[in-house]
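Down below is the structure, laid out as structure tokens.
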Protein chains: 2
Amino acid sequence: MATLKDIARALDLSITQVSRALNDHSDVNEETRLRVKATARAMNYHPNASARKLVSGRSGMVGLVVPQYRNIGQDRIFMEVVAGLSTQFSGRGMQFVLHMMAEQENALPVYQKLIGTAMLDGFVLIDPMERDPRIDFLRKAGVSFVVHGRSGKVIDYPYFDIENEQLAYDLTAHLIQRGHRRIAFLNGIADRSYVTVREQGYIRALRDGGAEVLPHLHLHGVMDEAHGLTDTIRLFSGDAPCPTAIVCGNVRLARGVYQGLEALGLSVPGDVSVVAHDDELPALRASAFFPSLTVTKSPLRDSWEPLADCLAGAIEGKPLGTLQRLGSYSFIERNSVANL
Amino acid sequence: MATLKDIARALDLSITQVSRALNDHSDVNEETRLRVKATARAMNYHPNASARKLVSGRSGMVGLVVPQYRNIGQDRIFMEVVAGLSTQFSGRGMQFVLHMMAEQENALPVYQKLIGTAMLDGFVLIDPMERDPRIDFLRKAGVSFVVHGRSGKVIDYPYFDIENEQLAYDLTAHLIQRGHRRIAFLNGIADRSYVTVREQGYIRALRDGGAEVLPHLHLHGVMDEAHGLTDTIRLFSGDAPCPTAIVCGNVRLARGVYQGLEALGLSVPGDVSVVAHDDELPALRASAFFPSLTVTKSPLRDSWEPLADCLAGAIEGKPLGTLQRLGSYSFIERNSVANL
DNA sequence: CGGTTTTCCCGAAACGTTTCGGAAAACATA
DNA sequence: TATGTTTTCCGAAACGTTTCGGGAAAACCG
């Protein structure tokens, strides 16, 4: 492998000047810079990431740490995350790598070790918990990171998030405006922070609309078809008054809900109205539902670029203000809601 | 982060001796070694991978490079690979990282760059082509690697593979022995090396059994349910004589074949016999088919350990002989084959 | 023409580790 | 006592890069 020394020797320059030329420093002659870059390309030079990291603290590698879990093979969304972030960081000349933890392994020691060996410049955190220990840990360790979502009261770290509170409010308020009063909410796994935040929006909308908050209508779980189906059947099988509308945390849940309602002999939107939030996962189009599904839409794939932006910025030491970004969503009314 | 210097100062030793103690070299007093290791643990020391790599050429990181493709989210098998290899290398104190290439990106420059930056000690190669340029490239570059499968005539590299030729022979021969003569083979994507090798086993079995080789009965494609279904319908819809039995490259294909045969009003095994090779992917049990499926079985998950063994060995410079391993498979007869 | 600035360059140090070549001390051998 | 041998240790060099502090030459200014 060609090194700076090789290039320097070939051009009769100092190693210093070659390095400065390649890194576009100011005090190098334009003509020299071009000559250096040309020979570097010709000699197929790639800077040794270890050497660079050792002295400058930058290796150009960032990582994502994820737990391994039983049905990871089935998880469609996960590969989207990896593919999206890979592409984004590649485009910035950085390397994105995935590190998978053992199933019940504690995350903190894993980060500890990765930080200790000092190979990575920063981390992307996904699925933050309500009070996520990883955030405190990385902050204390002084490592750059960006969170997909937000967690905790004091938010003094880079993040990209969408307005989950308002989005849940909008979906619920839309149903209230159409005359619904008993509105169920199929939410995600309880300790995720976005789940808590969406719950707040749901409750605020109910209060604002003068509707009663009925705890048995608010359900938590993995947001897939199976849970949509079983939760729907559960909602309509007890003694408690049944909902007239259902808010779904994502479109997979909604698909399960449609199946469940069909199994129960209930029609959408005649008997029950359904709305959902749409992450626009591939092969899952809310517009192709029958009847087509009313949603708030904010494509998950729109988040990779801001996330990469924020992390790259954090590594370069940009001020916090520029590293906190909120994505937008749109409300798309279709045919899954009826007036009551 | 604690460094060797910190430990050396704390114990009033030289950096050299601390390093040697931690790496279990011979010329360090047993008592010193213990003291060093204890304080290292206490100070939460992790060797800086960059510094280590720079001088010794080892960072303890190995990687897998995969192309990104459209339906990667649907690919159940892929996450199994990542999870399995991650676990294996973690257990050896090594880091396994995944690097995803852009969709149509050429693999060689990606390896070129990864080798140039010199962060990784070696690579795992999966899905080798019949003559795979990556193998030549990595060999020329002098980097350690291990191949899941084999490719080319001269096999002078570490690999783990199963006897794909014999396995296809066994499946086909089993059908021939039961009296079948027109046997279809739903194989994988044409340029994969295991696909070619399985074809050879299939043809050898046909020849040995005195059955004619009918090209229209040998189909190639992605090995999923959809192709199993469409290929089955294609096999039974032309003018050419229909097969009485089908060999499937994996169990997903077989599932599609079952669906296709049902759609055509044909029964298994009454009208058509079906056999397959079973990688034992999760949530896809050949024994739960109706009728239960006769297979050759060799669980994919059994390959991660030998693969990791071989790569770790190659990095340590072990001789080639010990780095070439063949996995076994078993023949499991069930209820999907009838005598003719 | 003396002084100041600008332009372009370089040597040397530093990052944290491994490893080479010794070297002091303790011990055994002749 | 002199001579090897083993045990245990250490200084210094090296890996390839970035960066600090300076410095020579040219250009500019009054």
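Here is how names work: the chains are called A, B, and so on, in the same order as the sequence lines, proteins then strands, and each is numbered from 1.
Rounded to whole angstrom, the span from the CG atom of B:Leu22 across to the P atom of C:dT18 amounts to 8 Å. Rounding to whole angstrom units, CG of residue A:Asp121 and C1' of D:dT18 are separated by 14 Å. Counting to the nearest Å, the C1' atom of D:dT17 and the CG atom of A:Asn23 are 9 Å from each other.
A distance-only check finds no donor-acceptor pair linking the side chain of A:Asn23 to the backbone of A:Arg20 [under 3.5 Å]. Within the 3.5 Å criterion, the main-chain N or O of B:Leu108 finds no donor-acceptor partner in the side chain of B:Lys113.
Taking the six-membered ring wherever Trp is involved, the centroid distance between the rings of B:Phe123 and B:Tyr111 falls below 6.0 Å.
Side chain to side chain, B:Thr87 and A:Gln68 meet the donor-acceptor criterion of an N or O pair below 3.5 Å.
End-to-end axis angle of the helix from C:dC1-D:dG30 to C:dA30-D:dT1, using five pairs per end and rounding to 10°, comes to 50°.
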Reading nucleotides 7-16 of chain D 5' to 3', which nucleotides get B (base under 4.0 Å from a protein heavy atom), which S (sugar-phosphate only), which -? -BBBBB-BBB
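For the atom pair A:Met1 CE and A:Asn44 CG, the distance stands at 6.0 Å (nearest 0.5 Å).
The shortest heavy-atom contact between B:Asp121 and B:Gly60 is OD2-N, 2.6 Å. For the pair A:Ala314 and A:Pro158, the tightest heavy-atom approach, listed with the atom from each and the gap, is CB-CG, 4.1 Å.
Every residue meeting the ring pair (Phe, Tyr, Trp, His ring centres under 6.0 Å) condition with B:Phe96, not counting sequence neighbours, appears here in chain and number order: B:Phe89.
Close to D:dT18, at under 4.0 Å from its OP1 or OP2, lies a side-chain N or O of A:Ser19.
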